[in-house]
Amino acid sequence: MAQPPPIEPVSGTIVPRFAGAATFCRLPELRDVPYCDVAILGVPFDAGTSYRPGARFGPQAIRQASRHLRTNFHPAYDTEPFRTLQVADAGDVACNPYNIEEAIGQIEAAAGEVLERAPALVSLGGDHTIAVPLLRAVNRVAGRVALVHFDAHLDTWDTYFGAPYTHGTPFRRAAEENLFDDAASMHVGIRGPLYSRDDLERDAELGFKVVHCDELQSHGVDHVVERIRARVGEQPLYLSIDIDVLDPAHAPGTGTPEIAGLTSRELVNIVRGLQGLNLVGADIVEVAPAYDHAEITSLAAATIAFEMVNLVACRA
Ligand SMILES: [Mn+2]
């Protein structure tokens, strides 16, 4: 039996974009669709933050900002993503705000359930702690992924105040659990001072390559895109995007801002350069709306999440 066409969001030319469903891009909910190609999952967890808290309110802020997007046709990809793919909002993970380990289990289980229905998952954080359970869930269906991590910070520290699971440590835990292919993984956008002279060395021991922000400044977007594409190849790709990779002028609403970062145009253009790669999972994390102004940060995050859907649509 032929698959029915996707259930699309109501067009913004029929119902104004400020009205209608409160889901991501006003999409249908996962429970209301007969099948799903890409699921959007909110992960409102921020008990792993080391400085400003508040990313628990990220998913709803990103959904609210996503109303503004015109989603019928994307000229940069030549796609009609919600017409060629069934995309649906899977709601939020109910995670314990007082117990990090329990929350991690809940996130892993919820992401696993969604991945039983949808082959690709785009998660909205939440702080960066959530990357560990998300990578575990993606790993079970896609194997060891190529991990491309956009962030001002390495996020490969060992512990904070004795805690192993925090928003500064997810990729050390993920490396210990062998969740990504260390020969195909990299950080992009790293900058700023570090806790210790050894931080970069310890990070390199995990196999990561680093595109420092200065390299982007000196060599440009196309060069960075080439480096990523050469490293990832045809492997299943997981993109983890900490919104603080953007300069605070482009993303003030975040927990640990770091000046001299990417512009939103640079980030969007790098993502667009990844067309054709085999994206299986993504997260956009660290949007903390209490520090945002005029939805600058949440609109950037919503747009990036939509770009991710278009990357999947390119291969459909
Ligand atoms: Mn991070």
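Both counts, for ligands and for their atoms, begin at 1 and track the order of listing. Throughout, residue positions are numbered sequentially from 1 according to the sequence presented.
- The side-chain heavy atoms of Ser240 and Phe171, taken from C-beta on, include a pair separated by under 4.5 Å.
- Residue His153 forms a side-chain contact (heavy atoms from CB on, under 4.5 Å) with just one option from His187, Glu286, Glu258, and that option is Glu258.
- Between the CG atom in Leu124 and the CD1 atom in Ile241 there is a gap of 11.5 Å [rounded to 0.5 Å].
- Asp247 has no carboxylate O lying under 4.0 Å from a charged side-chain N of Arg191, or vice versa, which leaves the two without a salt bridge.
- How far CG of Asp127 is from CZ of Arg56: 9.5 Å, rounded to the nearest 0.5 Å.
- Protein atoms of type N, O or S found under 2.8 Å from the Mn ion (ligand 1) total 4.
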What donor-acceptor contacts under 3.5 angstrom involve side-chain atoms of residues 301-316, with partners at least two apart or in another chain?
unit_1	atom_1	unit_2	atom_2	d
Thr303	OG1	Leu299	O	2.7
Glu307	OE1	Tyr77	OH	2.5
Glu307	OE1	Arg272	NE	2.9
Glu307	OE2	His74	NE2	2.9
Glu307	OE2	Arg272	NH2	2.9
Asn310	OD1	Thr79	OG1	2.6
Asn310	ND2	Phe306	O	2.9
Arg315	NH1	Gly276	O	2.8

